[in-house]
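None of these values were measured; they are calculated from a predicted model. Within every chain, numbering begins at 1; the chains are lettered A, B, ... in the order of the sequence lines, protein sequences first and strands thereafter. Values below: every heavy atom of this structure, side chains too, minus hydrogens, waters and symmetry copies.
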Amino acid sequence: MESKYIPALFEQKLSSFWETKGYFKGVIEKDKKPFCIILPPPNANADLHLGHAMMVYEDIMIRYRKIQGDNTLWMYGTDHAGIETQFVFEKHLKKEGKSRFDFERNVLFQMIFDFVSLNKNIMKNQLQKLGFGLDYSNPKFPMDENIVKIVHTTFKKLFDDGLTYRAKKLVNYCVNCGTSFSDLEVDYEEREGTLWNINYPLRDEKGSITVATTRPETLLGDTAIVVNPKDKRYKKLIGKYVIVPLIGREIQIIADDAVDIKFGTGAVKVTPAHDHNDWEIGQRHSLLHIQVIGTDGKMTKDAGEYVGLTISKAREAVLLSLKEKGLLGEEKKHVHRVGRCYRCKRVIEPLPKEQWFISIKPLAQKAIEAVKKGEVEVYPKRFKKDLIRILDNFIDWNISRQIVWGIRIPAYKCAEMKNEVCQHEKGWFVSIEKPTNCPHCHSEIFAQDEDTFDTWFSSGQWPYVTLQTSGDEMYNHFYPTSVMETGHDILRAWVARMLMLGIHITGKVPFKTVFLHGLVRDKHGQKMSKSKGNVVNPLEVIKTYGADVLRASLMFETKEGSDVVLTDEKMIGMRNFGNKLWNIGRFIYMNRPENREKNTENIDLKPPVDKKKTLEKMEKELEAVKKNYHKNMNGYKFGHVLGDLHAFIWHRFADIYLEELKEELKKGNIDIQNSLEKTFLECIVFLHPFIPFETEALWQVFKGENESILKQMV
RNA sequence: GGCCGCUUAGCUCAACGGUAGAGCGCUUCGUUUACAUCGAAGAUGUUGGGGGUUCAAAUCCCUCAGCGGCCACCA
């Protein structure tokens, strides 16, 4: 044995050993208790980051359960990550001076597919470096034919159940990415803008009404002016008409409670086609919506003389014209929040677009009941309230994306609709197999929806699609899964949706427990980000200190669900602990009778009375440690467990007991040797879920090269 | 504006009703081979401020302050 623990000597070897032995292969063992975790699928084309390393919680649970003798399965898969991947791929295209518009749909899809396939193994290799005991033998990917089929089936069921609908609504559109986004995918940013006052002349009498706006160019699409019904200033004007400047349209002054009397002038221009609030007001008052900005980010023909101008050019032109006409009043600086594309950072345009939506209320209701009834447990507990609130406030989900890289929506529009031959509602039908004719009017002329599903629509089904595509037996045995472990930042985007879709489709909750981990921060408590330059690359850490150190550092004395601070000091501390552990093992091992030099003194089988007491004390203490260990492991207090083991192994077992018994051990007292070895081995079994490589390496030193701690039961 | 979390030794954090703990750092001492990535001894805290409940509060309640996060609105 080396005098130091050298990770590089063992890590790769042991990863291969575990894989060859098939210890983590998901095989049904009917006589054992099933324990299943589905890995939150990482993007298929990116490098590992610390967020992935946090999934070490899952490995800890899996290894612990396995050692307990449960039938474990940790399902491996990667995600196609729709817009993310297409965005990365388009950057590659750009380098070659091309864009996505240079290719046919099918060609572009195939190119991205090939690109992703090339990169698919990166993630597997990197997760193995972390020591993750996943079942890598059965990888899942959303574009797998059998998964696509289930996703299509889900959509059809939702359609048949009346839970999807196609509607023209205001969506968050990025004119740069060329697609709409759900409300969760819009980032808001404080920005200093300008609030302009604009006068709208009254039609039937002298005078005007002044509105305040941050977006003068949308005036071209105004279809009403709204004031608060309680606002005394405007009471007389309600119901009267004004002329929209520049475009000359006559619109009415209406009343709605949504208007804040104190803000601006208390009178608001309403552009239902380009503002979420205005859309709502428009719905309530049956206003027209006139779209003056197109999906290309330019003014439409409804913008009159401004057609073809970009949004900013149109704004300048409108302001100039208003000024010339003397209709522009006071202007002032105004800080407000602007929605930006989370992907490319461009300002999001709310635009009316016909899309597929899922009716959330009925789905959310069932999910809330399940959470309230405790069919799903949430750890840490404080997130339970959050989850219920999230479900309660979930609005209808826009699942259409105008990108190629995704699962295409299996919805077809019957062309006969125009002639009112097909009576099917809105002319749309859904078919899992490629249809040959419309099921309603039997016409052969129809077209498939060009759009693909939001990525989260397939990931929202991940627990059951991954198991169902592994066979009925696997699904029946392992579903509902045991734990869903993920970051609390995607409680809304992912966990809530898995619950809703899982319950609706399978009739069961997709997982019995949700365990949420926090963020990794630097030593100043700052979020890690490329721009701050404080990002820690887990692969570098593994190179420097080994995977065990990284894992232990993310876990040591942390509170479940809280953010984790990762510093060099902590990693050095963990490395030192690993080394201490190694040397405890080495010391005990080298004092085994067969390893001792022949010329040592006589072996006295009976320890002296005082040493015997020491041994008894040690064993008693170990019992207490063991009891606490299982209690805390089952209570998801993993950081605590590692802290306890660290304290016991180093400061009790090594500093007290080993020091006291050292001389006897060196003399060759076999009882003491046995007792210390037994205690030590038990400790490394406890420690194994946290520090898998080193403990397995030590185990093999004592038990033989072909042995594994994973076959051990505590 | 609504909700949630945090504030404990120089630093990073544990303890969550019964005499405040760990790691790192600091001080002093110690190496004829288990480990200097080590060992021994030690210093350091009116547990953010104020009030309350209790025999007993870092821990429960109220309140104030600061930090962080999520959600909603911003015409």
Side-chain angles (χ1 to χ4, degrees), chain A residues 1-6 183-184 188 190-191 193 195-198 211-216 218-219 222 225-228 256 258-260 262-271 274-278 281 334-339 380 382-386 388-390 392-395 488-489 491-492 518-519 521-527 545 549 552-553 556-559 561-591 637 639-640 642-644 646-647 650-651 654-656 658-659 662 665-666 676 680:
Chain A
M1 281 175 90
E2 302 282 340
S3 70
K4 288 177 186 172
Y5 171 67
I6 302 164
D183 300 273
L184 308 188
Y188 287 91
E190 293 269 317
R191 266 201 190 178
L195 190 64
W196 286 277
N197 280 359
I198 300 173
V211 304
T213 182
T214 54
R215 298 204 61 186
T218 62
L219 144 166
D222 282 354
I225 299 284
V226 62
V227 297
N228 192 302
D256 195 288
V259 178
D260 179 357
K262 292 188 199 106
F263 188 90
T265 61
V268 184
K269 62 194 256 341
V270 186
T271 323
H274 297 293
D275 182 278
H276 289 288
N277 279 326
D278 292 7
I281 292 170
H334 171 60
V335 176
H336 62 145
R337 294 202 326 157
V338 180
R382 67 190 148 96
F383 287 110
K384 181 173 176 173
K385 243 194 281 175
D386 276 357
I388 290 171
R389 204 191 55 212
I390 283 168
D392 212 18
N393 295 330
F394 226 107
I395 60 169
H488 62 67
D489 51 330
L491 196 57
R492 170 181 300 258
L519 235 65
R521 295 175 178 277
D522 73 1
K523 68 168 132 188
H524 307 293
Q526 298 280 311
K527 227 176 184 170
Y545 298 108
V549 167
S553 302
F556 185 67
E557 302 237 302
T558 58
K559 206 175 166 180
S562 298
D563 291 348
V564 175
V565 173
L566 186 65
T567 59
D568 272 319
E569 289 80 2
K570 199 162 177 180
M571 291 190 279
I572 288 168
M574 287 301 110
R575 183 204 57 186
N576 295 352
F577 176 53
N579 198 56
K580 183 72 186 179
L581 187 71
W582 184 255
N583 277 290
I584 296 168
R586 189 161 77 106
F587 186 48
I588 295 171
Y589 182 70
M590 66 200 266
N591 280 297
K637 294 178 185 283
H640 201 129
L642 185 57
D644 285 351
H646 176 273
W650 198 327
H651 303 298
D655 288 351
I656 307 287
L658 205 51
E659 287 298 327
K662 202 172 181 172
L665 181 67
K666 281 186 180 171
L676 287 171
F680 178 69

Check nucleotides 19-21 of chain B against the protein and report each pair of N or O atoms closer than 3.5 Å, with its distance, or say if there are none.
none

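- With sequence neighbours left out, A/Tyr545 forms a ring-ring contact (aromatic ring centres under 6.0 Å, His included) with no residue at all.
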Pairs of donor and acceptor atoms involving the side chains of residues 575-582 of chain A, under 3.5 Å and at least two apart or interchain, shall be tabulated with distances.
unit_1: A/Asn579; atom_1: OD1; unit_2: A/Tyr5; atom_2: N; d: 3.2
unit_1: A/Trp582; atom_1: NE1; unit_2: A/Glu2; atom_2: O; d: 2.9
unit_1: A/Trp582; atom_1: NE1; unit_2: A/Lys4; atom_2: O; d: 3.4

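- Under the ring-ring contact (aromatic ring centres under 6.0 Å, His included) criterion, A/Phe263 pairs with A/His334, sequence neighbours left out.
- Residue contacts for A/Ala212: at a heavy-atom cut-off of 4.0 Å it reaches the sugar-phosphate backbone alone, with no base atom in range.
- In this structure A/Arg492 satisfies the side chain to side chain donor-acceptor pair (under 3.5 Å) test with no other residue, sequence neighbours excluded.
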(request) Using a 4.0 Å heavy-atom cut-off, write out nucleotides 25-36 of chain B from 5' to 3' as B (base contacted by protein), S (sugar-phosphate only) or - (no contact). (result) ---------BB-

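- Applying the side chain to side chain donor-acceptor pair (under 3.5 Å) rule to A/Arg191 yields the partners A/Glu189; only residues at least two apart in sequence or on another chain are considered.
- With pairs defined as Watson-Crick or G-U wobble and both atom distances under 3.5 Å, the stems of at least three pairs that touch RNA chain B come out as B:1-7 with B:65-71, B:10-13 with B:21-24, B:26-30 with B:38-42, B:48-52 with B:60-64.
- Partners of A/Asp256 according to the salt bridge (Lys or Arg N to Asp or Glu O under 4.0 Å) rule, which considers only residues two or more places apart in sequence or in another chain, are A/Arg284.
- The side-chain contact (heavy atoms from CB on, under 4.5 Å) search around A/Leu519 returns A/Arg521, A/Lys527, A/Asp563, not counting sequence neighbours.
- For A/His276, the ring-ring contact (aromatic ring centres under 6.0 Å, His included) test picks out no residue, with sequence neighbours left out.
- Every residue was checked against the ring-ring contact (aromatic ring centres under 6.0 Å, His included) condition with A/His274, not counting sequence neighbours, and none meets it.
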